[in-house]
K.L.:
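One structure coming up, written as structure tokens, with questions to follow.
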Amino acid sequence: MNIDMGIRWMELFNEKIQNEKDYLTQLDTPIGDSDHGNNMSRGMAHVVKAIEEQKPETLNELLKLITTNLLSKVGGASGPLYGSAFMGMMKAETAGEEWAKILKTGLENIQMRGKAEQGDKTMVDVWIAVVEAVENGELTHELIDEAVEATKPLKAKKGRASYVGDRSIGHIDPGAYSSGLLFHTMLRAEAE
Amino acid sequence: MNIDMGIRWMELFNEKIQNEKDYLTQLDTPIGDSDHGNNMSRGMAHVVKAIEEQKPETLNELLKLITTNLLSKVGGASGPLYGSAFMGMMKAETAGEEWAKILKTGLENIQMRGKAEQGDKTMVDVWIAVVEAVENGELTHELIDEAVEATKPLKAKKGRASYVGDRSIGHIDPGAYSSGLLFHTMLRAEAE
Amino acid sequence: MEKTGIIIVSHVYEIAEGIHRLIKEVAADVDVQVVGGVDIKEIGTSFDTTLAAINNSSAKNLLAFYDLGSAKMNLEMAMEMSDKTVKIYDVPVVEGSYTAAALLQAGVNQENIEEQLEEMHNVK
Amino acid sequence: MEKTGIIIVSHVYEIAEGIHRLIKEVAADVDVQVVGGVDIKEIGTSFDTTLAAINNSSAKNLLAFYDLGSAKMNLEMAMEMSDKTVKIYDVPVVEGSYTAAALLQAGVNQENIEEQLEEMHNVK
Ligand SMILES: Nc1ncnc2c1ncn2[C@@H]1O[C@H](COP(=O)(O)OP(=O)(O)O)[C@@H](O)[C@H]1O
Ligand SMILES: Nc1ncnc2c1ncn2[C@@H]1O[C@H](COP(=O)(O)OP(=O)(O)O)[C@@H](O)[C@H]1O
Ligand SMILES: [Mg+2]
Ligand SMILES: [Mg+2]
Ligand SMILES: [Mg+2]
Ligand SMILES: [Mg+2]
């Protein structure tokens, strides 16, 4: 990962988020409050606007900009969670870590903030699968899709979906899906 | 008690409430939300206005009018409590009971609604003392004042004052004080 | 099954309106009636606005939530005067009514909702 | 003793404003900061408005209350960024903050306030 790839990643991620905004909201309807599409759309619109305006010149500057915009603009639980992820990634980048380790630190920060474990039907499930695959150099689009899909049969233990208990079973977790988009576009940016 | 005496009672009670409105609010400040004066003032203003407009011709009509106005206009806990009291009194009056028994039914209804026992530092403490005295034909102004004053050293167990726990000790209960005014003016109306 | 709705009685106009907005997000199809304050400005609750809200609901069966004790008293009086079934829950007004609404929207029955609310009990 | 204040973070503008009004009635002298919603219209919470509210308080020591989990996350992040002492209580947002405010106004210390709040625990 580098600054140009990183900016491209955010552009692609933003495109996906805006295109799939309604679907994200739809996923957030049976098990949430129908705002994940709006939340991510608002947050990512600010991220790309900030990139245009502030023109970050290093990967670290970019990660910082992503962090602050997601923290203050998303509005839902996904705000502090993605915000924590990118904040952790920024710190690991400062420390000179490799990309796999940087992503892993992002995951650790999500878990520190949200206390979700594997199988709690959250974005964490996707991050865990992706981090492991990146460590082994095995990340593929299929693997991402499988990790997202795997949240479907689970019962939610964290976040708003946990309020509906058993009724959360049978639906894909919206945050898992948006994390899926994040990693699909990361793969694409890396490939370009 | 009869209709003329009852109307006079309410006029006198209203006068007292309006005159002592600020003091009632002051009592409700250290152990409550500073509105007992406003609450009772608003409620009683509606009661006397309704008496003027509707001109009740029987004690029962009067008790009903007091009930509905206190229930809908007071706004604080004292609303449903005084409302329940007068509703009980109305029913006992319909059943042809004596005044002592009517007052006792009022007390029972306050307790049914608010679940307060003697010593919980509420209006119930004054009502209990008064009902017993009326039953024995011994109600005096001094007895009323003593019952009100006796709430001072108690720790509140019901209502908003119970939230401040030990800090409720050392203050007269506002609802006890307004009930004191109710019975002082009852004595006066009976004497006129 | 009888249609089940929600009623919320708060001392403050804004709290009631705010809870209504919060709940509607997760329970668009549930009939939620709220009463807040004596009126838009005065803090407090009253019997007749509470009764009106109960009667105003399209549901015959109501789960009721309140903030402070005097709101509960008005709810009790109002439910005695109404021919609807109203059950009052001594749970946190925001968190409890939110949970109940989310579960009602998800089609969960009253018994199971009560199990969830039971865990929140003992705060009032 | 350090001055102690209160901060409340709710998902909804009206809930925050309403709790503020309810609390001010019983705790006129307590510094109460509220944050409600992403803004007046959008439901949600955000890190920077939460941090701003913490910094805006005249108190150095803050008791914090929130409605739903994501508000807690923002509170946690904000308190890590602030040099004030902030303690978050997992109690009902309306009932808990009301109790704490009434006790603070009555001059009760934090330890004893926590004992009272403890009874409300376990709802979140
Ligand atoms: N404690 C948590 N840990 C990890 N992820 C969480 C947690 N709480 C919520 N999430 C994620 O956030 C997503 C919901 O985000 P969003 O709808 O934007 O926020 P909100 O639930 O506040 O409306 C969920 O689908 C889930 O993936
Ligand atoms: N559960 C109860 N049982 C009996 N009396 C009560 C109860 N709760 C409150 N009260 C009485 O009501 C009075 C307060 O009335 P008011 O200030 O008008 O209502 P609020 O407390 O709702 O502001 C108290 O002083 C007390 O005498
Ligand atoms: Mg959501
Ligand atoms: Mg949301
Ligand atoms: Mg009062
Ligand atoms: Mg009041």
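Within every chain, numbering begins at 1; the chains are lettered A, B, ... in the order of the sequence lines, protein sequences first and strands thereafter.
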K.L.:
Tell me whether the count of non-hydrogen atoms from other residues, nucleotides or ligands lying under 6.0 Å of CD in A:Glu98 goes above 12.
P.N.:
no
K.L.:
Top residue by heavy-atom pair count (under 4.5 Å) with chain A, among D:His11, D:Lys72, D:Glu76, D:Met73?
P.N.:
D:Met73
K.L.:
Is the number of heavy atoms from other residues, nucleotides or ligands within 6.0 Å of NZ (A:Lys91) greater than 12?
P.N.:
no
K.L.:
Please determine, among A:Ala77, A:Gly159, A:Ser72, the option with the most heavy-atom pairs under 4.5 Å with chain D.
P.N.:
A:Ser72
K.L.:
Who among D:Ser46, D:Gly37, D:Gly69 has the most heavy-atom pairs with chain A under 4.5 Å?
P.N.:
D:Ser46
K.L.:
What do you reckon, is CD of A:Glu11 surrounded by more than 12 foreign heavy atoms closer than 6.0 Å?
P.N.:
yes
K.L.:
Set out, in order, the CA-CA distance, both residues' side-chain angles and the distance that settles salt bridge (charged side-chain N to carboxylate O under 4.0 Å, His left out) for D:Glu42 and A:Lys73, then state yes or no.
P.N.:
CA-CA 11 Å; D:Glu42 290 281 337; A:Lys73 302 302 176 192; over 6 Å; no
K.L.:
Can A:Thr67 and D:Phe47 be said to form a side-chain contact (heavy atoms from CB on, under 4.5 Å), step by step?
P.N.:
CA-CA 11 Å; A:Thr67 302; D:Phe47 160 76; over 6 Å; no
K.L.:
When you look at CD of D:Glu111, are more than 12 heavy atoms from neighbouring residues, nucleotides or ligands closer to it than 6.0 Å?
P.N.:
no
K.L.:
At a heavy-atom distance under 4.5 Å, which candidate from A:Pro80, A:Gly79, A:Ser78 has the highest pair count against chain D?
P.N.:
A:Pro80
K.L.:
Give a yes or no on whether D:Glu80 atom CD has more than 12 heavy-atom contacts from other residues, nucleotides or ligands under 6.0 Å away.
P.N.:
yes
K.L.:
Against chain A, work out which of D:Ile43, D:Thr45, D:Asp39 has the most heavy-atom pairs shorter than 4.5 Å and name it.
P.N.:
D:Thr45
K.L.:
What heavy-atom pair brings A:Gly76 and D:Ser70 nearest, and what distance separates the two atoms?
P.N.:
C-CB, 4.1 Å
K.L.:
For A:Lys49, look at atom NZ and say whether over 12 heavy atoms of other residues, nucleotides or ligands are found less than 6.0 Å away.
P.N.:
no
K.L.:
Say you draw a straight line from OG1 of A:Thr68 to CG of D:Asp48; how long is it, rounded to the nearest 0.5 Å?
P.N.:
8.5 Å
K.L.:
Determine whether A:Arg42 and D:Val38 satisfy the following criterion, side-chain contact (heavy atoms from CB on, under 4.5 Å), listing intermediate values before the conclusion.
P.N.:
CA-CA 11 Å; A:Arg42 186 171 49 218; D:Val38 174; 4.2 Å; yes
